[in-house]
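In what follows, chains are A, B, ... by sequence order, proteins preceding strands, each numbered from 1.
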Amino acid sequence: MNSVVMQKIVKKFGSFCANDNVDFTLKKGEIHALLGENGAGKTTLMNILYGIYAADQGSIFINEKEVEITSPRVAMSYGIGMVHQHFMLVPNFTVAENIALGTKERFWLKKSLVERDIAELSQKYGLKIDPMAKVANLSVGEQERVEIMKALYRKAEILILDEPTAVLTPQETEALFVVLRNLAENGVSIIIITHKLDEVMAITDRVTVLRLGRKVATVETKETTKRELAKMMVGHEVFLNIQKPKVEAGETILELNNVCARENDTEKLKNVSFSVRAGEIVGIAGVDGNGQSELARSIAGLFEITEGEILLSGEKINGTSVENIIKKGLSYIPEDRLKDGLIGDFSIEDNFIIQILNNFTKHGLLQKKVIKKNAERLIKEYDVRSKGPTQQAKLLSGGNQQKLIFARELERSPKLLLAVQPTRGLDIGAIEYVWGRINEAKKNGVAVLLISTELDEILTLSDRILVMYEGKIVGEPIENRDVDIQKLGLLMAGVEQDGDFSNAS
Amino acid sequence: MYEYIISILPQAMRLTVPILFAGLGGVLASRSGVLNIGLEGSMLVGALAGVIGSYLSGNPWLGLLLAILAGGIIGIMFDLFALTLGAPQAVVGAAINIFSTGITAYVFRIIFATTSDTVSVNGFSSLKIPVLGDIPLLGEIFFDHNVLMYLAFLLVLVMHVYLYYTTGGLNLRSCGENSKASDSVGIKVVQTRYITTILSSVLASVGGVALSIGNVNTFVEGMSSGKGFIALAALTFGRWSPLGVMLAAFLFGLVDAFQLRLQVSIVDAPYQYYQMLPYIVTIIVLVWTSQTGVTGPKTGEYFEKETK
């Protein structure tokens, strides 16, 4: 039996066609991946199924009956549940309160009844959750379980998960997969929206690949390979076998000694010490929100540290100005391109010169011609696809915005490249580009500090790997040639190891 | 000293009531995610509407009814501009405050054709509760007031139970915590906020009634004199909860009663100094509460459904 059949779905946003005659079929009890790059139309399709968007054309059948889904509420009444990429939870409420939220059957809030139902579902599907815990105190993996529980509590038989592993450690991902398999065995049909091929291979029964709003194919996972899927996804053969350039590491460029920082009353960085040498890429792995952004912002001079020191080429930079740090040779690729990396409303040419304005002024006036020439050169050299130097930066695609930032930052011949989540939200082509640029910087003798929650990225690029957990660097630096993913995952989850790096000393 | 404090308590209770009503309105609005700084304006409109209703009918209950209607209209105005059209809530609230100052002065002069003479109308008289009202001391403090006072404290209880022990209350509070989450489980965020804002304006308006026909039985231009803002301070100080707001409102009522007493008992200093007291306490309390770093519900955002 088919749980969901979507036929000839068309959805346009203005002149942009997000879904172009897409067909999709979900069988009962299967785990089905919806695979595609950013902007391929996966999320749009699922938002149509969940009633957030209305399709312009096409029809939807649930359990073989044609339905019209006009809102999430209607979707829920057909047994469709969605776990959004950004969790829809109320941090100040308990698990039970979050799960009961929006239900109106009873006037009185009977938490004991909700808790009993949760316990039953826990038992049935092997989903362990403490109903009395406050959501704010739960780990991301636990919050994901609450989201799934929320859908099951609403009697969902069709479960849509949007990029469910984006913020999980390898262990949490594995635990999630166990839960999902369990659910599927109990007759729940599951759709996973993803762009991660490993995930598709590991857990799904079938895959539907979308590209540029069109369906490419639906295949049995058993009968395909990662390479074939990647090819379908991108439209041409891809080789993400980035070779790590061999570079002799030089002198120490960046050095952190016992750096501590706090925000309000919470410690964000605790005794962070490490160094990065010229021609070396140091990767900082860790689950999102463990102090990585504070670390990056401290180095960039945007976050005040309370103790310790940060040295760039042997000179103390903490407590000095951002301007000084840039002059000393820092290039910074911030994690939020549009918020911190660019001025979206400014043109491309103006974005190229914002830190080095003085080089482009004469008697206090901007040298428009020189600025334009500079932009034209960089656009060409760094392959920024645009309508020209005067186009607003916010109108560029994510990948091209990132190219713009890389062009601006690398053009200054930095000593240190600080890259935070440099490929977040980019498609494979752009990822390849960014990784290439980072490796090139390394070849040119730049010290690179790469902070990323994508383990793939860390493993592909780094020479040495450090793990951050709750504001601390945990464990010893790991040489990338003898890395043990299992161990890395444990460190990321904050599980203390025996022996070497206990805190006893 | 002890007797002195005891003697101002009944007065303090009376002065608590208007702030408490407006503060409870603030709880409803802020818990659902709306920053209603128009409470002051609603209060002033309610004070006048109460007097007009009582003046025209001779019955304070009809005054209360008129005030509820007027408060409701102010609430709908707020909703229309802030929740439907998306104007910033703080600006709409400020506009309502300014509007209320003008419209009440205007209407008052038209109806009563006077600017200086005081107009006296029938107000709510004191309603001593049998038995309880005869308890020495406590009777006088708690059980010998007009009906609005009992209503206010009853409302504290009702709201507390509703907010924390019913599914409706849970849904309402979620709108002030994470409106996207509320929306994702089918809670009608804008509709919820429409209702709470109208109720908050109505409650502030009833607070105004407590000021006019629940106390002095007349209307004076600008008679709310910042009590709506003090209610906002009480809201923060009381941690956005009915019980907390009740205690905070009582603190302000107590200070107000104290300064009134000072005005008559120590006449050496200009009375304006004493009048400043409640406002100074407000500032101190606000600074102190903001130091604790506890953040309340997220108010002020404009909620818009994702485009279809």
Taking all heavy atoms of [X] and all of [Y], pick out the closest pair and write down the distance.
X	Y	answer
A:Trp108	B:Val161	CZ3-CG1, 3.5 Å
B:Tyr164	A:Leu109	O-CD2, 4.2 Å
A:Val90	B:Ala181	CG2-CB, 4.3 Å
B:Ser184	A:Met88	OG-CB, 3.4 Å

So with a 6.0 Å cut-off around [atom1] of [X], is the heavy-atom count from everything else above 12?
X	atom1	value
A:Glu66	CD	yes
B:Lys180	NZ	no
A:Leu212	CG	no
B:Tyr165	OH	no
B:Phe81	CZ	no
A:Glu304	CD	no
A:Glu307	CD	no

Please determine whether side-chain contact (heavy atoms from CB on, under 4.5 Å) holds for the pair B:Arg173 and A:Glu97, giving the CA-CA distance in whole Å, both sets of side-chain angles, and the decisive distance to 0.1 Å. CA-CA 11 Å; B:Arg173 282 187 292 129; A:Glu97 284 173 333; 4.1 Å; yes

When heavy-atom pairs shorter than 4.5 Å are enumerated against chain A, which of B:Ser174, B:Gly169, B:Ser182 gives the highest number? B:Ser174

Heavy-atom distance under 4.5 Å to chain B: side chain of [X], backbone, both or neither?
X	value
A:Lys110	neither
A:Leu101	both
A:Phe107	both

Distance in Å, A:Asn92 CG paired with B:Lys298 NZ, rounded so as to fall on 0.5 Å steps: 7.0 Å

For A:Phe93 and B:Asn178, run side-chain contact (heavy atoms from CB on, under 4.5 Å): C-alpha distance rounded to whole Å, both residues' side-chain angles, the deciding distance at 0.1 Å, then the answer. CA-CA 10 Å; A:Phe93 286 6; B:Asn178 184 352; over 6 Å; no

